[in-house]
> 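Just passing along the structure, written as structure tokens.
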2 protein chains.
Amino acid sequence: MPTVTGHPERHAPTLEAVAEAAGVSRATVSRVVNGSPSVRGAVVEAVQKAIADLGYVPNRAARSLASSRTHSIALLVPEDVSRFFGDPYFASFTGGLDRRLADTEYVLNLVVARDDPGRKAVRYVRGGNVDGAIVVSHHRGHDFLRQLEGSVPIVYGGRPDVALSAEPVFVDVDNEAGGHLATRHLIESGRTRIATIAGPEDMPAALDRLAGFRRALREAGLPDDAVVHANFTASGGAEAMRTLLSRHSDLDAVFSASDLMASGALTALASRGVDVPGDVAIVGYDDSPAATWGEIGLTTVRQPSELMGATAVDVLLRLLAGDADVPHENIVQTELVIRDSA
Amino acid sequence: MPTVTGHPERHAPTLEAVAEAAGVSRATVSRVVNGSPSVRGAVVEAVQKAIADLGYVPNRAARSLASSRTHSIALLVPEDVSRFFGDPYFASFTGGLDRRLADTEYVLNLVVARDDPGRKAVRYVRGGNVDGAIVVSHHRGHDFLRQLEGSVPIVYGGRPDVALSAEPVFVDVDNEAGGHLATRHLIESGRTRIATIAGPEDMPAALDRLAGFRRALREAGLPDDAVVHANFTASGGAEAMRTLLSRHSDLDAVFSASDLMASGALTALASRGVDVPGDVAIVGYDDSPAATWGEIGLTTVRQPSELMGATAVDVLLRLLAGDADVPHENIVQTELVIRDSA
DNA sequence: TTGTATGCGTTATCAG
DNA sequence: CTGATAACGCATACAA
């Protein structure tokens with residue numbers, strides 16, 4: 001059995017060693033490492049050379065102990081990880097987080113509050129283990145998030161639907177504008193009888209998209225009464241589509257509030273022999289993988305999820321830097337991705 | 001900043017404070033916290049009470065500095081995070097990791113080695129920032145992984161296809177058995193002319209599944225010559241299906257090495273008016289969301305990805321505990337999920 | 001079984 | 001601009 005636990009590592013070089021090699025004191029090396037402006041140029045160079053020669057890497061624990069800053073931030077996920085990452089939107093959001101974080105010396109800690117009602121996670125965050133936190137995939141009723149207030153700076157992915165005592169800082173997408181964008185595209189391509197498969201009535205994002213849909217139609221002087229709600233699933237979308245067809249035989253376009261529902265709608269249309277986009281045009285929402293898995297590419301509204309992740313980091317970093325006037329609402333815009341269906 | 005319910009921020013209590021409250025020394029408190037067996041029962045209780053009263057939480061940095069163990073492990077992802085988490089398999093794997101880790105005091109650090117050829121990530125892992133690492137989604141050519149050897153215990157998700165100087169510890173799924181399982185199911189349901197849409201010829205997992213397919217057919221005395229390779233995409237699967245149909249008109253079943261390819265095959269069959277599973281039965285692989293998105297549920301081979309994540313943690317924990325004889329190969333078995341298509 | 005003393009590697013507060 | 005020197009909170013040999 002090969003040795004697995006052996007540490008052939010010498011003693012990792014410390015500030016002390018670098019100081020000696022550079023002929024200065026520990027304090028000076030520390031200053032150079034932390035980019036203090038008050039060090040003579042020549043000394044800086046000498047120290048940096050010593051650092052490079054010895055391959056010095058600051059000890060995180062020691063640094064953290066002395067400065068009481070951890071240089072790590074929590075990605076707090078209040079639900080099952082598989083579900084969270086299984087959602088392409090969050091996968092992409094996390095990608096944005098990471099990419100933006102790569103330029104910094106911050107590290108991402110994955111903190112999950114699944115079974116325990118947030119106790120362990122709250123203790124972790126409050127326990128001084130991280131400098132800040134980004135909370136994602138939070139839902140109404142996640143009241144334990146309140147216990148995070150007053151500990152470290154927090155940025156929410158999506159406007160939190162929780163009773164917080166202070167105004168939360170969040171990044172969100174402009175769903176109303178997204179719904180408007182999609183519907184406007186249908187209008188501009190000459191459609192006149194446009195329906196929507198809306199999302200659940202208790203989800204703010206869904207309602208906002210619906211509002212955007214309605215506004216676009218009103219602005220164009222078209223009727224906005226063809227609305228059916230579904231539950232963001234493919235089968236729900238299929239059923240909604242059938243309902244719409246039976247109610248509005250003159251239908252020539254549909255805005256679906258999610259790609260998954262749109263894919264269900266597409267199969268429903270196909271089985272009825274309705275040509276897409278010939279007879280009926282359809283625009284989805286999300287630009288999820290489902291948008292390109294079918295035979296005909298789905299024209300859809302992309303949420304800049306990666307940008308949102310990056311933005312969340314930006315905002316948090318500003319908060320950590322003590323920036324007093326960071327905006328609480330950070331709204332990013334959607335974008336239309338045109339494929340075959342509309 | 002509004003006052004938060006609970007502890008008024010003050011100075012977080014330290015060992016010192018607990019010691020004083022319990023009327024013992026810091027060392028004793030430390031022993032209790034770390035579960036040392038050599039502390040009198042009465043004292044243990046007293047200390048634990050003090051801990052509870054004061055809401056004491058050990059300072060990670062101090063602990064780490066003193067013990068040179070970090071209690072955190074790295075999840076090393078050598079590629080784009082979005083792609084990694086966008087894959088349901090990895091999302092689920094990570095879920096397994098997390099769930100198993102929840103019982104411990106270890107924390108997961110997300111370490112990504114995307115653009116930089118591993119330099120930063122390697123430095124991080126070697127820099128003593130983590131006690132161990134779990135490496136996932138590694139590909140051939142990721143030679144920088146070699147630089148991790150000898151630093152901390154490492155467990156790979158999937159057998160690494162990299163020239164390592166020591167025998168790597170990994171968890172993997174038995175792809176050959178999976179291919180065999182799928183094919184055997186088709187045989188047992190009475191199919192006699194069975195083809196396969198295999199994965200890329202340069203991927204070990206794909207080849208293993210193909211080998212399982214062939215073995216099952218040989219064992220049943222059936223021909224194993226109906227093989228077409230595709231690239232694990234839906235469109236690739238559709239094209240492969242068309243090729244198979246043209247070559248083997250007597251086809252009555254197909255094993256597709258991925259659900260995505262199977263979904264493409266399904267659309268290809270549908271457009272030719274072939275009934276599934278009436279005329280042709282089809283079994284996929286992965287049990288990904290794609291398996292249930294279509295009109296007919298896909299019978300498929302599920303990879304116990306979550307179990308694999310949990311196993312990876314188990315193995316790593318044993319390594320960290322200094323367990324001398326942990327097996328290097330940790331193989332988990334696949335499972336057949338029967339739906340409509342076969 | 002328990003307490004004492006020391007050190008872990010940095011940062012930060014002073015002087016100089 | 002630079003160098004001593006005291007924290008930082010905990011673990012752990014060593015003593016008792």
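Chain identifiers are assigned alphabetically (A, B, ...) following the order of the sequence lines, protein sequences preceding nucleic acid strands; residue numbering begins at 1 within each chain.
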> Calculate the interatomic distance between B/His71 atom NE2 and D/dC10 atom C1'; express it in whole Å.
11 Å
> Set out, in order, the CA-CA distance, both residues' side-chain angles and the distance that settles side chain to side chain contact (heavy atoms under 4.5 Å, CB included) for B/Tyr56 and B/Leu15, then state yes or no.
CA-CA 8 Å; B/Tyr56 167 76; B/Leu15 265 194; 3.6 Å; yes
> If only side-chain N and O atoms count, and only distance matters, is there a donor-acceptor pair under 3.5 Å linking A/Asp80 with A/Ser82?
yes
> Check this one for me: any side-chain N or O of A/Asn34 less than 4.0 Å away from OP1 or OP2 of C/dT11?
yes
> Starting at CG of A/Leu54 and ending at P of C/dG9, how long is that distance when rounded to a whole Å?
14 Å
> As a test of reading the structure: which of C/dT11, C/dT2, C/dG3 is closest to the side chain of B/Val24, going by heavy atoms?
C/dG3
> Is A/Thr14 touching bases, backbone alone, or none of the nucleic acid, heavy atoms closer than 4.0 Å?
sugar-phosphate
> Which part of the nucleic acid does A/Val57 contact within heavy-atom distance under 4.0 Å: base, sugar-phosphate only, or nothing?
sugar-phosphate
> Please pick, from C/dG9, D/dT12, C/dT1, the nucleotide with the shortest atom-to-atom distance to any side-chain atom of A/Leu65.
C/dG9
> In whole Å, I'd like the distance from the CZ atom of B/Arg69 to the P atom of C/dC8.
17 Å
> Would you say the base of C/dG3 and the side-chain of B/Arg31 have a donor-acceptor pair closer than 3.5 Å?
yes
> Provide the full list of side chain to side chain donor-acceptor pair (under 3.5 Å) pairs with a residue in residues 60-69 of chain A, sequence neighbours left out, each pair given once.
A/Arg63-A/Glu105
> State, without any angle test, whether A/Thr311 and A/Asn330 hold a side-chain donor-acceptor pair at a distance under 3.5 Å.
no
> Find the distance B/Leu15:CG to C/dG3:P and express it as a whole number of Å.
13 Å
> Which nucleotide sits closest to the side chain of A/Ser38: D/dC8, D/dC1, D/dC10?
D/dC1
> Atom CD of A/Glu20 to atom P of D/dA4: distance rounded to whole Å?
13 Å
> Between A/Val33 and B/Ser25, who's closer to the 5' end of DNA chain C by nearest nucleotide?
B/Ser25
> Any heavy-atom pair between the side chains of B/Leu145 and B/Tyr156 that's under 4.5 Å?
yes
> Can you tell me the distance, in whole Å, between the CD1 atom of A/Ile51 and the C1' atom of C/dG9?
14 Å
> Is any side-chain N or O of A/Arg26 closer than 4.0 Å to OP1 or OP2 of D/dG3?
no
> If you look at every strand shown and take non-hydrogen atoms under 4.0 Å, does B/Val43 touch a base, only sugar-phosphate, or nothing?
sugar-phosphate
> Measure from CD on B/Glu16 to C1' on D/dA11 and round the result to the nearest Å.
14 Å
> Looking only at side-chain atoms of A/Asn59, point me to the closest of D/dT2, D/dT12, C/dG9.
C/dG9
> Counting side-chain heavy atoms from C-beta on, which of C/dT10, C/dG3, D/dA11 comes nearest to B/Ala27?
C/dG3
> Within the side chain of B/Asp161, is there an N or O that forms a donor-acceptor pair under 3.5 Å with the backbone of B/His139?
no
> Starting the side chain at C-beta, find the nucleotide from D/dT2, D/dA11, C/dG3 nearest to B/Thr28.
C/dG3
> Is the phosphate of D/dA11, meaning OP1 or OP2, less than 4.0 Å from a side-chain N or O of B/Arg63?
yes
